[in-house]
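Below is one structure; the comments refer to it alone.
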Amino acid sequence: MEKLLIQGGTPLQGRVGISGAKNSAVALIPAAILADGPVVIENLPHIQDVEIYVNLLKDMGASVLFEDDWMEIDARPIHKTFMPNGKVKKLRASYYLWGALLGKFGEAQIGLPGGCDLGPRPVDLHIKGFEALGATVENCKGVMIVRAKKLRGARIYLDLVSVGATINIMLAAVRAEGITTIENAAREPEIVDVATLLNNMGARISGAGTDVIRIQGVDILRGCRHTIIPDRIEAGTYMIAAAATGGDVVVENVIAKHMEPVSAKLRELGVEIIEGDDAIRIIGKKEYKAVDVKTSPYPGFPTDLQQPMTTLLTLAEGTSIVTDNIYSSRFRHSDELRRMGAAIKIEGRSAVVEGVTPLTGAKAMASDLRAGAALVIAGLIAKGNTEVEGLEHIDRGYENLVQKLSNLGAKVERVTLGEAEQ
Ligand code: EPZ
């Protein structure tokens with residue numbers, strides 16, 4: 001077991017390169033199963049979720065080469081569509097195997113996913129989509145068995161905007177006979193990224209990135225090459241960290257448009273943001289004014305950044321209200337922030353943050369991936385030293401975190417927990 005040791009008080013300065021998007025990678029890798037030839041994916045981040053997916057595909061028989069930042073997947077040798085619970089449970093996004101295997105083989109038997117502790121994370125909309133396409137879905141002792149003799153195009157309305165359901169239905173529908181439309185589809189950039197890969201394979205998808213996606217099923221999907229989009233959540237995390245430490249940071253290899261909800265909110269706080277084509281400069285200030293944050297599906301403010309934002313808002317003069325409209329209990333980081341001196345009250349789906357409360361270093365435990373990011377930022381601004389444990393969460397979504405922060409001047413190191421601390 002390891003922990004991060006962070007000495008607070010240093011403004012971040014310099015340039016940081018953003019890695020490929022985790023929430024694209026965990027969909028693109030299973031999507032490659034659909035191809036009748038090798039698929040090469042470039043700009044893949046070396047993060048835990050990607051490593052787990054590589055192992056899952058190899059367990060199924062696929063050939064996977066992963067070196068530097070590119071991966072070649074040849075799914076032709078896959079000989080099994082049953083995956084026991086074990087590894088699958090470690091990865092929330094393992095549910096994309098349902099759609100990919102259903103599309104390719106007409107069958108999938110995959111354990112229900114695990115993932116972050118953000119409150120209930122149902123998959124009823126995924127199931128609704130598969131059944132609309134003609135599949136039968138049953139939950140057999142925690143293993144989802146999805147089968148279809150023939151997939152037929154359908155008109156599917158999603159009661160809730162769901163990234164996972166939108167992508168999963170797309171993965172099955174590309175091989176369905178006829179036309180599928182997904183209405184009230186999610187519009188996240190990662191959905192566009194998956195549609196781009198599938199179309200490069202020969203699929204016929206239009207409307208990705210809008211709330212109506214149309215898919216004309218095809219018989220053959222061939223191998224191709226694809227470069228993942230940059231990770232807008234990683235980029236937003238560094239932007240918030242730069243603002244919180246009063247630093248001056250350029251985040252490179254970003255798509256500025258994807259960052260608009262974050263840039264707009266930071267400007268509202270008083271942060272100076274200068275946008276280039278594929279880079280954004282963040283100039284932090286000594287004082288910020290309180291703002292309210294309400295998360296919503298893209299292009300709204302991302303729920304994945306409300307936790308890091310909450311840390312920044314401890315530095316804003318006045319009362320800030322952070323409302324998460326996507327997840328009902330994504331506030332466990334606030335317990336840890338309170339222990340460091342933050343004044344945060346949880347009221348329903350909102351965290352009420354009173355600023356300005358100087359934070360003091362403490363031992364903190366990450367409960368999920370983005371809570372971990374919030375605690376790392378707290379350590380960067382707190383007086384004294386902070387120890388952050390629960391790195392198994394942080395490693396899921398932040399490539400080379402210590403290296404990237406150190407290159408920005410942060411005093412942070414990763415150490416092994418002593419015997420007594422285990
Ligand atoms: C994706 O999760 C992301 N994960 C999450 O990022 C992100 O927070 C979330 O989208 C929202 O943007 C990946 O892409 C791997 P949803 P997903 O389906 O697809 C409800 C991170 O930190 N819902 O868009 O699982 C659901 O409970 C992670 O990188 C249903 O009710 O999220 C939630 O309230 C955390 N039924 C809302 O919809 C369903 O069948 C949005 O969920 C599906 C979802």
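Hydrogens, waters and symmetry mates play no part in the numbers below; they use all other heavy atoms, side chains included. In listed order, ligands and their atoms are each counted from 1.
When non-hydrogen atoms are compared, ligand 1 lies under 4.0 Å from neither the backbone nor the side chain of Glu190. Both the backbone and the side chain of Ile326 come within 4.0 Å of ligand 1, counting heavy atoms alone.
When each atom of ligand 1 is checked for a heavy atom of Leu125 under 4.0 Å away, the hits are 36 (N), 39 (C), 40 (O). Applying the 4.0 Å criterion to heavy atoms of Leu160 picks out, from ligand 1, the atoms 20 (C), 30 (C), 31 (O), 38 (O). Every atom of ligand 1 is numbered from 1 in the order shown, and the set under 4.0 Å from a heavy atom of His126 is 40 (O). Those atoms of ligand 1 with a heavy atom of Gly164 less than 4.0 angstrom away are 18 (O), 19 (O). Listed by atom number, the atoms of ligand 1 under 4.0 Å from Tyr327 heavy atoms are 2 (O), 5 (C), 7 (C), 8 (O), 9 (C), 32 (O), 33 (C). Shown in contact with Arg330 at under 4.0 Å from a heavy atom are these atoms of ligand 1, numbered in order with element: 8 (O), 22 (O), 35 (C). For ligand 1 and Lys22, the ligand atoms under 4.0 Å from any heavy atom of the residue are 21 (C), 29 (O).
Residue contacts with ligand 1: Asp304 is placed with a nitrogen or oxygen under 3.5 Å of a nitrogen or oxygen of the ligand (distance criterion only). Polar contact with ligand 1: absent for Tyr96 (N/O pair, distance under 3.5 Å). Not one N or O of Leu369 is nearer than 3.5 Å to an N or O of ligand 1, by distance alone. Among the atoms of Ala93, none of the N or O lies under 3.5 angstrom from an N or O of ligand 1. Considering backbone and side-chain N/O atoms, Val163 comes within less than 3.5 Å of an N/O atom of ligand 1. Not one N or O of Thr303 is nearer than 3.5 Å to an N or O of ligand 1, by distance alone. Looking at ligand 1, you won't find any N or O of Val26 less than 3.5 Å from one of its N or O atoms.
Between the side chains of Ser19 and Lys404, a donor-acceptor pair is found at a separation under 3.5 Å. No hydrogens or angles considered: a donor-acceptor pair under 3.5 Å links the side chains of Thr295 and Asp324. In summary, the side chains of Asn400 and His46 do not present any donor paired with an acceptor at a separation below 3.5 Å, with no hydrogens or angles considered. Checked by atom type, the side-chain pair Ser24/Glu190 shows no donor-acceptor distance below 3.5 Å. Remark: the Lys411 side chain and the Thr10 side chain contain an N/O donor-acceptor pair separated by less than 3.5 Å. For the 3.5 Å distance criterion, the side chains of Gln306 and Arg330 fail to qualify, holding no donor opposite an acceptor. Counting only N and O atoms by type, the side chains of Gln403 and Asn407 include a donor and acceptor under 3.5 Å apart.
Using a 4.0 Å cutoff on heavy atoms, Val123 counts as a contact of ligand 1. At a 4.0 Å cut-off, not a single heavy atom of Tyr298 sits close enough to ligand 1 to count as contact. Under a 4.0 angstrom heavy-atom cut-off, Pro122 registers as being in contact with ligand 1.
Contacts classified as ring-ring contact (aromatic ring centres under 6.0 Å, His included) and involving residues 126-145 (residues at least two apart or in different chains) are given here: Tyr95-His126.
A salt bridge between Lys257 and Asp277 is absent, with no side-chain N of the basic residue lying under 4.0 Å from a carboxylate O of the acidic one.
Under the rule for a side chain to side chain contact (heavy atoms under 4.5 Å, CB included), the partners of Glu347 that lie at least two apart in sequence or sit in another chain are Lys345, Val352.
The CE atom of Met60 lies 4.0 Å from the CG atom of Leu101; values are rounded to the nearest 0.5 Å. The distance from the CD atom of Glu72 to the CD atom of Glu67 is 9.5 Å, given to the nearest 0.5 Å.
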